[in-house]
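All remarks here apply to the structure that follows.
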Amino acid sequence: MYIILSILFLLGFVYGYLMLRYGQGWKSLPAFKPVHPVSGHTKVTVIIPARDEEANLPPLLQALKAQTYPAHLFEVIVIDDFSTDATADVVRHFPASNVQLLQLSQHLSAEQRLNSYKKKAIEMAVERATGDIIMTTDADCVMGPEWITRMVQFYETYQPKFIAAPVSFYQEHNFFKVLQSLDFMTMQGITGALAALKSGTMCNGANLAYERKVFYEVGGFKGIDNIASGDDMLLMFKIYSAYPTGVLYMKSEEAIVRTLPVDTFKQFMHQRIRWSSKADKYDDKRLTWVLALVYFWNAGMLLAGIAALFLPAWRMWFLGLLIYKILVEFYFMVPVARFFDKTALLSRFIPGQFFHIPYIVVAGWLGKFGSYQWKGRKVK
């Protein structure tokens with residue numbers, strides 16, 4: 001018992017140190033306040049992979065149409081990934097001259113098997129793009145009218161090769177979706193904290209940008225195209241390897257992209273297994289070690305919780321460790337929630353622990369050894 005507790009205390013100490021450090025990192029990351037208006041010379045291509053998204057595309061396309069960035073300076077390319085619904089028709093009939101439709105079915109046969117259709121879709125869209133900057137988002141997202149303008153202002157100010165930007169869930173109508181939002185917000189906070197501390201790199205494909213020319217400089221998705229996911233993180237690591245100071249994070253409330261939580265627990269697990277499946281593919285091993293620490297800390301907490309159910313001697317230890325975990329995570333989460341205007345969700349944070357701990361363990365294990373469904377396709 002005491003050996004196990006010693007290991008748990010050690011993991012907890014390191015985990016607590018990281019949470020405190022990340023909290024300081026997030027607080028120290030300055031919000032981007034543009035000084036100059038856009039130059040009027042930077043052309044942007046927004047790329048949106050879509051598969052069976054007829055219900056989600058209209059609000060996204062409306063949000064893009066409402067952008068303050070001049071319409072003649074940006075184009076939108078929606079790539080239809082063998083949709084079985086009216087996704088293509090939604091794009092074709094949308095009233096905007098700068099919105100284009102690209103269909104994978106016109107370039108690939110239905111029998112052709114790829115492990116990453118999304119990377120292929122993005123690659124084909126980049127080939128057609130005319131923008132200096134490629135911006136990507138997902139079909140179930142929306143954003144404010146200043147999204148493209150802020151991204152361009154940040155690019156013109158600092159000239160980065162790759163920009164990671166904030167993503168948030170919205171429409172959290174029930175407890176399950178609130179828990180997803182809190183979990184996702186934690187990852188977003190760590191993304192910004194790592195950038196501030198210069199101790200790692202993270203991003204999310206729902207809101208990022210990179211130079212079109214650097215995409216080709218690093219070989220695009222070559223070498224990572226056999227991995228089902230990772231069109232965001234794995235590409236970022238390739239660019240980071242070539243330009244260590246060229247990958248930046250933009251902390252801007254006006255640049256937040258909002259995406260939908262999934263509806264069912266099954267969808268949630270497939271999504272999180274997909275995300276965790278690429279953890280051992282990261283070139284930045286600093287992040288791999290952090291993910292390993294988080295996994296083993298939560299695995300230890302889960303085992304301690306199970307022991308507490310059957311062994312009275314473990315109950316006080318587990319309660320103490322749980323309170324400690326909540327406190328250090330709260331320290332980190334409060335300023336992050338304030339930035340995303342989601343402090344009201346923190347009331348669900350404590351009961352959410354009983355969901356969060358086991359899901360981290362199960363999703364991490366299956367991400368390494370299992371398979372998952374993604375857009376109706378089974379991926380190993």
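- Side-chain contact between Leu321 and Leu8: present, with at least one pair of heavy atoms (C-beta onward) separated by less than 4.5 Å.
- Taking the centre of each ring, Phe162 and Tyr240 stay at or above the 6.0 Å mark.
- Checking side-chain atoms of Arg212 against main-chain N and O of Gly131 turns up a donor-acceptor pair under 3.5 Å.
- Glu53 places no side-chain N or O within 3.5 Å of a backbone atom of Thr87 that could act as its donor or acceptor partner.
- A pairwise comparison of heavy atoms in Gly189 and Phe332 identifies C-CZ, 3.4 Å as the closest pair.
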Indicate every side-chain donor-acceptor pair of residues 290-310 with a distance under 3.5 Å to a residue at least two apart or in another chain.
residue: Tyr295; atom: OH; partner: Val361; partner atom: O; Å: 3.4
residue: Asn298; atom: ND2; partner: Val294; partner atom: O; Å: 2.8

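- Hydrophobic clustering (ILVMFWY, side-chain heavy atoms < 4.5 Å, transitive): Ile122 and Ile163 are in distinct clusters.
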What side-chain donor-acceptor pairs closer than 3.5 Å can you find for residues 253-264, not counting sequence neighbours?
residue: Glu254; atom: OE1; partner: Arg150; partner atom: NE; Å: 2.6
residue: Glu254; atom: OE1; partner: Arg150; partner atom: NH2; Å: 2.8
residue: Glu254; atom: OE2; partner: Arg150; partner atom: NH2; Å: 3.4
residue: Thr259; atom: OG1; partner: Asp140; partner atom: OD1; Å: 3.1
residue: Thr259; atom: OG1; partner: Asp140; partner atom: OD2; Å: 3.4
residue: Asp263; atom: OD1; partner: Lys177; partner atom: NZ; Å: 2.9
residue: Thr264; atom: OG1; partner: Gln267; partner atom: N; Å: 3.1
residue: Thr264; atom: OG1; partner: Gln267; partner atom: OE1; Å: 3.3

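- Residue pairs that meet the salt bridge (Lys or Arg N to Asp or Glu O under 4.0 Å) test with at least one member in residues 89-99, sequence neighbours left out, are Asp89-Arg92.
- In this structure, Asn207 contributes its side chain and Pro166 its backbone to a donor-acceptor pair below 3.5 Å.
- Listed for the Ser252 side chain is no donor-acceptor partner under 3.5 Å among the backbone atoms of Phe32.
- Side chain of Glu156 to main chain of Ser39: a donor-acceptor pair is present (N/O by atom type, distance under 3.5 Å, no hydrogens or angles).
- Between Asp232 and Lys118 no salt bridge is recorded (no basic side-chain N to carboxylate O distance below 4.0 Å).
- Hydrophobic clustering keeps Leu11 apart from Leu319 (ILVMFWY residues linked when any side-chain heavy atoms are closer than 4.5 Å, directly or through intermediates).
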Subject >> Steps toward ring-ring contact (aromatic ring centres under 6.0 Å, His included) verdict (Phe268, Phe355) >> reply: CA-CA 12 Å; Phe268 171 79; Phe355 168 81; 5.4 Å; yes
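- Using a 30° and 60° split on the angle between ring planes, Tyr158 and Phe154 fall in the tilted class, from 30° to 60°.
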Distance-only donor-acceptor pairs under 3.5 Å for side chains of residues 68-78, two or more places apart:
residue: Thr68; atom: OG1; partner: Pro145; partner atom: O; Å: 3.3
residue: Thr68; atom: OG1; partner: Glu146; partner atom: OE1; Å: 3.3
residue: Thr68; atom: OG1; partner: Glu146; partner atom: OE2; Å: 3.4
residue: Thr68; atom: OG1; partner: Thr149; partner atom: OG1; Å: 2.9
residue: Tyr69; atom: OH; partner: Thr42; partner atom: O; Å: 2.5
residue: Glu75; atom: OE1; partner: Gln100; partner atom: NE2; Å: 2.9
residue: Glu75; atom: OE1; partner: Thr130; partner atom: OG1; Å: 3.4
residue: Glu75; atom: OE2; partner: Thr45; partner atom: OG1; Å: 2.6
residue: Glu75; atom: OE2; partner: Thr130; partner atom: N; Å: 2.7
residue: Glu75; atom: OE2; partner: Thr130; partner atom: OG1; Å: 3.0

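- Two residues are said to be in side-chain contact when any heavy atoms from C-beta on lie closer than 4.5 Å; Tyr210 and Val126 meet this criterion.
- Ile357 and Val178 fall within a single hydrophobic cluster, where Ile, Leu, Val, Met, Phe, Trp and Tyr are joined by side-chain heavy atoms under 4.5 Å apart, directly or via other members.
- For Lys33, the side-chain contact (heavy atoms from CB on, under 4.5 Å) partners at least two apart in sequence or on another chain are Ala31.
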Please list, one pair per line, the donor and acceptor atoms closer than 3.5 Å that link side chains of residues 15-22 to other protein atoms, with sequence neighbours excluded.
residue: Tyr15; atom: OH; partner: Glu329; partner atom: OE2; Å: 2.5

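- A donor-acceptor contact shorter than 3.5 Å links the side chain of Lys238 to the backbone of Gly220.
- Taking a cutoff of 4.0 Å between a charged side-chain nitrogen and a carboxylate oxygen, Glu217 and Lys161 do not qualify as a salt bridge.
- Phe265 and Trp365 fall within a single hydrophobic cluster, where Ile, Leu, Val, Met, Phe, Trp and Tyr are joined by side-chain heavy atoms under 4.5 Å apart, directly or via other members.
- Annotation: side chain of Val46 is in contact with side chain of Ile148 (closest heavy-atom distance under 4.5 Å).
- The aromatic rings of Trp26 and Phe339 sit perpendicular to each other, their planes meeting at more than 60°, with 30° as the lower class boundary.
- Glu211 places no side-chain N or O within donor-acceptor distance of the main-chain N or O of Asp132, the cut-off being under 3.5 Å.
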